[in-house]
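Data first, discussion second: the structure below is written as structure tokens.
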Amino acid sequence: MKRPNHLKNTDGKNRKVGIEIEFIGIPLPQAAKIITDVFEGSVQKNDEYVYTVSESPYGSFKVECDSTFVKSRKYQSWLSKLGIDLDREELKKMDRKIAEGCNILVPFEIVTPPISMDEIPKFEQLINKLKQAKKQSDSFTFSLAPCGLHINIEITSMDVNHIKPVLQSFCNQYEDLIKEIDVDKIRRLAPYIAPFPKEYTRLLNDKDYSPDLDTFFNDYLDFNPTRNRALDLTPIIGEYSWPLLEKYAEKGLELNLIKPRPAFHYRLPNCHLDEQEWSFTQEWERWVGIEDLAFSSNSFNDKYVNFHKINKGNFNDIFS
């Protein structure tokens, strides 16, 4: 499995990676048990829609129905408005039925803690065990909700000379990645992985655009007051300055869904547990290609931005 050229963060430790796996056709408790087979730990049932794997050497994992509407049980207020009042036992039965059937409309999701980059082959082990469980499952697996794989990759440093080139590289490869990944058409119609506005990509690729970090983040939010981008920087911005994000709440920025962390939130890949040839490694190495191009001295051509004119100095010196 390929690794990026820059493996360490500013503390000299291996960068960390976490993933979010959307899936259908595997019951939540079974998915939680599969996590323990790979990462150890013990399973706790929070409720019908949320399970936790704790006491793992790697941190806590969450397995849940990926729907705020379902997890918050907003359907109960709807029933009350219709004059339908259920007792406690009846509500429990309804929860079980909804948990069993909601996969048709929304995927389930595994959210992992960040683990050291030298341990990420374990994600492939997890994916393979989920594939095997999906193949052996007798459950109904039709869903209107296409599934994605999100990769959260720790930044090398909170430095514009690291963050901006990666975003430039991604934007300049976006259309190629869409074709190469063959992103599900329904996922492309949804807002969650929307491309960056052309006006913003033009700004990024302007050879005279050399902002400091505050200017870069403000420009990003001016053009993208949303977390709905295929490469979402709002977790990084939230880690840097939550008040900066709050300034954009009036423009529709979904503050309640943003989890500050020093990591790129890469949301483009599909998750195809029912396709034997699909793998985590395949998607991970596409990301490595994005970083390789961002910091490559050989990427100076008409298609991609001339990084050495924008970022004074040697990248190997900056990140060594």
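Nothing fancy with the numbering, it's 1 onward along the sequence.
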Gap between atom [atom2] of [Y] and atom [atom1] of [X] - 0.5 Å precision:
{"X": "Leu167", "Y": "Ile290", "atom1": "CG", "atom2": "CD1", "value": "10.0 Å"}
{"X": "Glu22", "Y": "Leu149", "atom1": "CD", "atom2": "CG", "value": "8.5 Å"}
{"X": "Glu239", "Y": "Leu245", "atom1": "CD", "atom2": "CG", "value": "11.0 Å"}
{"X": "Asn152", "Y": "Arg261", "atom1": "CG", "atom2": "CZ", "value": "4.0 Å"}
{"X": "Asn228", "Y": "Ile193", "atom1": "CG", "atom2": "CD1", "value": "10.0 Å"}
{"X": "His265", "Y": "Ile151", "atom1": "NE2", "atom2": "CD1", "value": "10.0 Å"}

Count the heavy atoms of every other residue, nucleotide or ligand shown that sit under 6.0 Å from [atom1] of [X], and state whether that count exceeds 12.
{"X": "Lys259", "atom1": "NZ", "result": "no"}
{"X": "Tyr248", "atom1": "OH", "result": "yes"}
{"X": "Glu275", "atom1": "CD", "result": "yes"}

Quick one: closest heavy-atom pair of [X] and [Y], and the distance?
{"X": "Pro57", "Y": "Glu40", "result": "CG-OE1, 3.9 Å"}
{"X": "Arg188", "Y": "Ile178", "result": "NH1-CG2, 3.1 Å"}
{"X": "Pro107", "Y": "Ile24", "result": "CA-CG2, 4.3 Å"}
{"X": "Pro113", "Y": "Ser60", "result": "CD-O, 3.3 Å"}
{"X": "Leu255", "Y": "Trp242", "result": "O-CH2, 3.6 Å"}
{"X": "Lys45", "Y": "Glu48", "result": "NZ-OE2, 3.1 Å"}

Expected output: side-chain [X] to main-chain [Y] donor-acceptor under 3.5 Å:
{"X": "His162", "Y": "Thr156", "value": "yes"}
{"X": "Glu109", "Y": "Glu20", "value": "no"}
{"X": "Lys131", "Y": "Gln276", "value": "yes"}
{"X": "Arg187", "Y": "Leu268", "value": "yes"}
{"X": "Trp284", "Y": "Ser279", "value": "no"}

Given side chains that start at C-beta, do those of [X] and [Y] come closer than 4.5 Å, heavy atoms only?
{"X": "Asn224", "Y": "Pro197", "answer": "yes"}
{"X": "Lys129", "Y": "Leu126", "answer": "no"}
{"X": "Tyr51", "Y": "Ile35", "answer": "no"}
{"X": "Ile163", "Y": "Met158", "answer": "yes"}
{"X": "Thr112", "Y": "Tyr58", "answer": "no"}
{"X": "Val166", "Y": "Ile155", "answer": "no"}
{"X": "Pro211", "Y": "Lys164", "answer": "yes"}
{"X": "Arg267", "Y": "Arg227", "answer": "yes"}

Do the ring planes of [X] and [Y] sit parallel (below 30°), tilted (30 to 60°) or perpendicular (above 60°)?
{"X": "Tyr200", "Y": "Tyr220", "result": "perpendicular"}
{"X": "Phe170", "Y": "Tyr266", "result": "perpendicular"}
{"X": "Phe61", "Y": "Phe39", "result": "tilted"}
{"X": "His6", "Y": "Phe295", "result": "perpendicular"}

Are Thr281 and Glu285 close enough that a side-chain donor and a side-chain acceptor fall under 3.5 Å? no
Side chains of Asn5 and Glu291: is there a donor and an acceptor less than 3.5 Å apart? no
Run the salt-bridge test on Lys13 and Glu154 with the 4.0 Å N-O cut-off and return the result as yes or no. no
Indicate yes or no: does Asp206 engage Arg202 in a salt bridge with an N to O separation below 4.0 Å. no
Quick one, Thr215 with Asn218, criterion side chain to side chain donor-acceptor pair (under 3.5 Å). Give me CA distance, side-chain angles, the key distance, then yes/no. CA-CA 5 Å; Thr215 302; Asn218 274 285; over 6 Å; no
Is there a path from Val111 to Val63 through hydrophobic residues (I, L, V, M, F, W, Y) whose side chains come within less than 4.5 Å of each other? no
Under 4.5 Å between side-chain heavy atoms, hopping through other hydrophobics if needed: is there a path connecting Phe196 to Tyr192? no
May I ask you to check whether Trp287 and Phe264 place their ring centres under 6.0 Å from each other? yes
Kindly indicate, with the supporting measurements, whether the criterion side chain to side chain contact (heavy atoms under 4.5 Å, CB included) is fulfilled by Ile127 and Trp278. CA-CA 10 Å; Ile127 292 286; Trp278 180 83; 3.6 Å; yes
Identify, with sequence neighbours excluded, every residue that meets side-chain hydrogen bond (donor to acceptor under 3.5 Å, both in side chains) alongside Thr36. none
With side chain to side chain contact (heavy atoms under 4.5 Å, CB included) as the criterion, how do Gln168 and Leu293 come out once you've worked through the C-alpha distance, each side chain's angles and the decisive distance to 0.1 Å? CA-CA 9 Å; Gln168 287 171 317; Leu293 180 66; over 6 Å; no
Give the intermediate values and the outcome of side chain to side chain contact (heavy atoms under 4.5 Å, CB included) for residues Ile181 and Asn270. CA-CA 7 Å; Ile181 295 171; Asn270 301 315; 3.8 Å; yes
Please test Arg3 against Asp118 for side chain to side chain contact (heavy atoms under 4.5 Å, CB included), starting from the C-alpha separation and ending with a verdict. CA-CA 9 Å; Arg3 298 192 294 175; Asp118 57 1; 4.0 Å; yes
